[in-house]
Amino acid sequence: MARFSLTTPLYYVNARPHIGSAYTTMAADAIARFARLRGDEVLLVTGTDEHGQKIQRTAQEQGLPPQTHCDRVAAEFQALWQKLNIQWHRFSRTTDPRHGVIVKEFFLRVWERGDIYLHQQQGWYCVACEEFKDERELLPGRYCPLHPTLLVEWRDEPNYFFRLSRYQAQLEQLYQTQPDFIQPETRRNEVMKFVAQGLTDFSISRLHLDWGFPVPVDPQHVIYVWFDALLGYITALLEPDEPPSLAAAVRTWWPVDLHLIGKDILRFHAVYWPAMLMSAGLPLPRRIFAHGFLTKDGQKMSKSLGNIVDPFALVETYGSDALRYYFLKEIELGKDGDFSEERFVQIVNADLANGLGNLLNRTLKLVHKYCGGRVPTATDSNENPLAAMGRELGEQVAQAYAALALHRACGLTLALVQRANQWIDEQAPWQLAKTGNQQALAGVLYALLEAVRLAAYLLSPVIPQTSTRIYQQLGYDVDFDRELPIGFAEHSRWGVLPTGQAVATPEPVFARLELPKLIKS
RNA sequence: GGCGGCGUAGCUCAGUUGGUCAGAGCAACCGGUUCAUACCCGGUAGGUCGGCGGUUCGAGUCCGCCCGCCGCUACCA
């Protein structure tokens, strides 16, 4: 059995989970679910990044010990993932004591390699970025360009540096020999351009900070949050009760097949992280995919605009399948996308309720009326437009998932549903019944049932609950959240519904969504 | 300033190597229908394919310039 491992970012616990984190995680979950459907053994890693001065200060502002604050926020992430029906296997927290062991071991490896040195660093420091800033990139009045309301602070302190510069050639060779390492291609170009300009060493420690792991060779210093956070991917790979060690952590699941990230943290993953791993003599992840950002009604989400989308409220109101479907079908992973509540409701209703759900409903009614509630026999008229599409679909969708083109996987599948709704009118099975053409009738209904089944199966990584209801109404004892149907090769193909299988009484599998009535003034 | 990318019907987008390429879905309007979750089916969009110029028998589809939006990055200062 093949293995497939992937990660979401470890989300910073500076604030409650936002829709962007939810988006990444929904995508990762769908990718993981498809791999599982295909029969792979899958490990999905998510988690939280909990160190750094910013966390310390946030906790302080709330009058909480940092760990308490982290516990609370981490719990919120887990709660949201549950509501979104995410099936994760490891939730990696960087304050996990086992993580400290891994970080220490990793640091020492790099240290012994001679890639870490002490250097006096002076400059303006943004606490929010956890980074030193060049004076010239500051906004007038010494504000951070990324955090225009935050004054940068003057620091003059010795820090430990990682010899990133030493790895420039190796990195460039990596990008050359492994063109798929960074995706989409536009991101790859950005990274290559950045590296080509020349790399400078970056600091991996901070002084005057408590909230983090001490530098093993100099406990006055604390390890910089990013150095620590990236390693959380590796710590996560330890078995639950396993004593922590680098060797144990990388034994089974490393290197991961995919780091799914947002485009804002590309450089850390595509440049710093591979260099760190090279230094430590560890294999590199196979692929890094950076997705785009979300806007709300065409505008950037921001506190000052007051247009932040709350994922908790959304999933409470509309349910997880609806959200997952909209974000994964309507937005191309890798490109920026927009969330409009009105459009969201329209699309989801059109595709899932009116399209897919209603197709099942009307077909099932016919099956009960004319075929005694059992799957009819597929006739020679296997030659029909649905069968023609259906025979190609499994492979096409598999390719789309492999390319992480989730929107295409959904679009291809929906095309079958749309064609089926046309075809049912063209064939008018109720007319066939009147004229006593029972064989043709059976063939038509079989094709319709099969189209719904195939669509439900291929969409199950995205809308597992809806797919489950469809499969169950079609007479299968299957729950895509628990017990998958056996055999991708079979279920992804056309024509697997067994003749004679009893189908259930039709019930809507996806209730139409309603826009909240009042428009806020 | 340099380098990516993008700009196609109200909205989201498809459009291989130039010649039914002017499309799909959603929305809207009109009509039909009942097997169906006020659903589905059919029809209607006269969109200068961002603008200008060029290559060509023929260009969203190639070339040049320009405008607008976005990303990465630099520098002047």
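These values consider heavy atoms only, across backbone and side chains, with no hydrogens, waters or symmetry-generated copies. A, B, ... follow the sequence lines: proteins, then strands. Residue 1 opens every chain.
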Next on the checklist: From CD1 of A:I424 over to C1' of B:rC35, roughly how many Å is that when rounded to an integer?
Outcome noted: 6 Å

Item to check | Nucleotide of B:rC26, B:rC40, B:rG71 approaching A:R362 most closely (side-chain heavy atoms) | outcome: B:rC40

Checklist entry - Taking all non-hydrogen atoms of both residues, which atom of A:L366 and which atom of A:P429 are closest, and how far apart? => result CD1-CG, 3.7 Å

Checklist outcome for this item: Against the side chain of A:R187, the closest entry in B:rC35, B:rU37, B:rG71 is B:rG71

Item to check | Spacing between A:L445 atom CG and B:rC35 atom P, to the nearest angstrom | outcome: 13 Å

Checklist outcome for this item: Rounded to whole Å, the NZ-C1' distance (A:K434 to B:rC35) equals 11 Å

Checklist entry - When the distance from OH of A:Y326 to P of B:rG25 is rounded to whole Å, what number comes out? => result 18 Å

Checklist entry - Which listed nucleotide (B:rC35, B:rU37, B:rU12) is nearest to the side chain of A:E330? => result B:rU12

Checklist entry - For A:Q197 and A:K329, take the nucleotide of RNA chain B holding the closest heavy atom to each; which residue's nucleotide lies nearer the 5' end? => result A:K329

Checklist entry - Expressed in whole Å, how much space separates the P atoms belonging to B:rC65 and B:rA27? => result 43 Å

Next on the checklist: Using whole Å, what does the distance between atom P of nucleotide B:rC35 and atom CD of A:Q427 come to?
Outcome noted: 17 Å

Checklist entry - In residues 290-300 of chain A, which ones come under 4.0 Å of RNA chain B, going by heavy atoms? => result none

Checklist entry - So, do A:H259 and A:Y233 have ring centers that fall under 6.0 Å from each other? => result yes

Item to check | Pairwise P distance for B:rU56 and B:rG18, with rounding to whole Å | outcome: 16 Å

Next on the checklist: What's the closest nucleotide to the side chain of A:N421 if the choices are B:rU37, B:rG2, B:rC40?
Outcome noted: B:rC40

Checklist entry - Can a side chain N or O of A:N354 be found less than 4.0 Å away from OP1 or OP2 on B:rU37? => result no

Checklist entry - Quick one: do A:K83 and A:E316 make a salt bridge, cutoff under 4.0 Å? => result yes

Checklist entry - Between B:rU61 and B:rA22, how far is it from one C1' atom to the other, in whole Å? => result 12 Å

Checklist entry - Can you tell me how far C1' of B:rC72 sits from CD of A:E190, to the nearest Å? => result 4 Å

Checklist entry - Which pair of heavy atoms, one from A:A456 and one from A:S467, lies closest together, and at what distance? => result O-OG, 2.6 Å

Item to check | Sugar-phosphate, base or nothing in reach of A:V191, heavy atoms under 4.0 Å | outcome: nothing

Checklist entry - If the P atom of B:rG42 is compared with that of B:rC3, how far apart are they to the nearest Å? => result 49 Å

Next on the checklist: Taking the P atom in each of B:rC21 and B:rG60, what is the distance between them to the nearest angstrom?
Outcome noted: 13 Å

Checklist entry - So, the side chain of A:D336 versus the backbone of A:L294: is there a donor-acceptor pair under 3.5 Å, distance only? => result no

Checklist entry - Expressed in whole Å, how much space separates the C1' atoms belonging to B:rG51 and B:rA59? => result 16 Å

Item to check | Rounded P spacing from B:rA9 to B:rA24 in Å | outcome: 14 Å

Next on the checklist: Applying a 4.0 Å non-hydrogen cut-off, can you work out what A:A353 is touching in the nucleic acid: base, sugar-phosphate, or nothing?
Outcome noted: base

Checklist outcome for this item: Quick note, A:Q422 side chain, CB onward, closest among B:rG42, B:rA36, B:rA14 is B:rG42

Checklist entry - Rounded to the nearest Å, what distance is computed from the CG atom of residue A:D351 to the C1' atom of nucleotide B:rA27? => result 13 Å

Checklist entry - How long is the gap from CG on A:D257 to CZ on A:R286, to the nearest 0.5 Å? => result 5.0 Å

Checklist entry - What about the rings of A:H491 and A:Y471, do their centers lie closer together than 6.0 Å? => result yes

Item to check | From B:rC35, B:rU12, B:rG4, nucleotide with atom closest to A:T186 side chain | outcome: B:rG4

Checklist entry - Where does RNA chain B form stems of at least three consecutive Watson-Crick or G-U wobble pairs, each pair having both distances below 3.5 Å? => result B:1-3 with B:71-73, B:5-7 with B:67-69, B:10-13 with B:23-26, B:28-32 with B:40-44, B:50-54 with B:62-66

Checklist entry - Under a 4.0 Å N-O cut-off, is there an ion pair linking A:E153 with A:R155? => result yes

Item to check | Cationic N near anionic O, under 4.0 Å, A:E426 to A:R419 | outcome: yes

Item to check | A:Y272 and A:F227 aromatic centres sub-6.0 Å | outcome: no

Checklist entry - Taking the C1' atom of each, how far is B:rG50 from B:rG7, in whole Å? => result 6 Å

Checklist entry - Contact class for A:E507 (heavy atom, under 4.0 Å): base, sugar-phosphate, or nothing? => result nothing

Checklist outcome for this item: Of B:rA14, B:rC35, B:rA74, the nucleotide closest to the side chain of A:K365 is B:rC35

Checklist entry - Are A:D115 and A:R166 close enough for a salt bridge, meaning some N to O gap below 4.0 Å? => result yes

Checklist entry - Among B:rU37, B:rC40, B:rG71, which is the nearest nucleotide to the side chain of A:D425? => result B:rC40

Checklist entry - Rounded to the Å, how far apart are A:Q418 CD and B:rG42 P? => result 10 Å

Item to check | Closest-nucleotide ordering on RNA chain B, the 5'-leading residue of A:K263 and A:R512 | outcome: A:R512

Item to check | Note: A:R343-A:D297 ion pair, threshold 4.0 Å (strictly below) | outcome: no

Checklist entry - Would A:E190 and A:K193 pass as an ion pair if we require N to O under 4.0 Å? => result no

Next on the checklist: Once you apply a heavy-atom cut-off of 4.0 Å, does A:F510 come out as touching a base, just sugar-phosphate, or nothing?
Outcome noted: base

Next on the checklist: Give the residues of residues 336-348 of chain A touching RNA chain B, defined as any heavy atom closer than 4.0 Å, sorted by residue number.
Outcome noted: A:R343, A:Q346

Item to check | is_close_aromatic(A:H407, A:F327), centroid dist under 6.0 Å | outcome: no

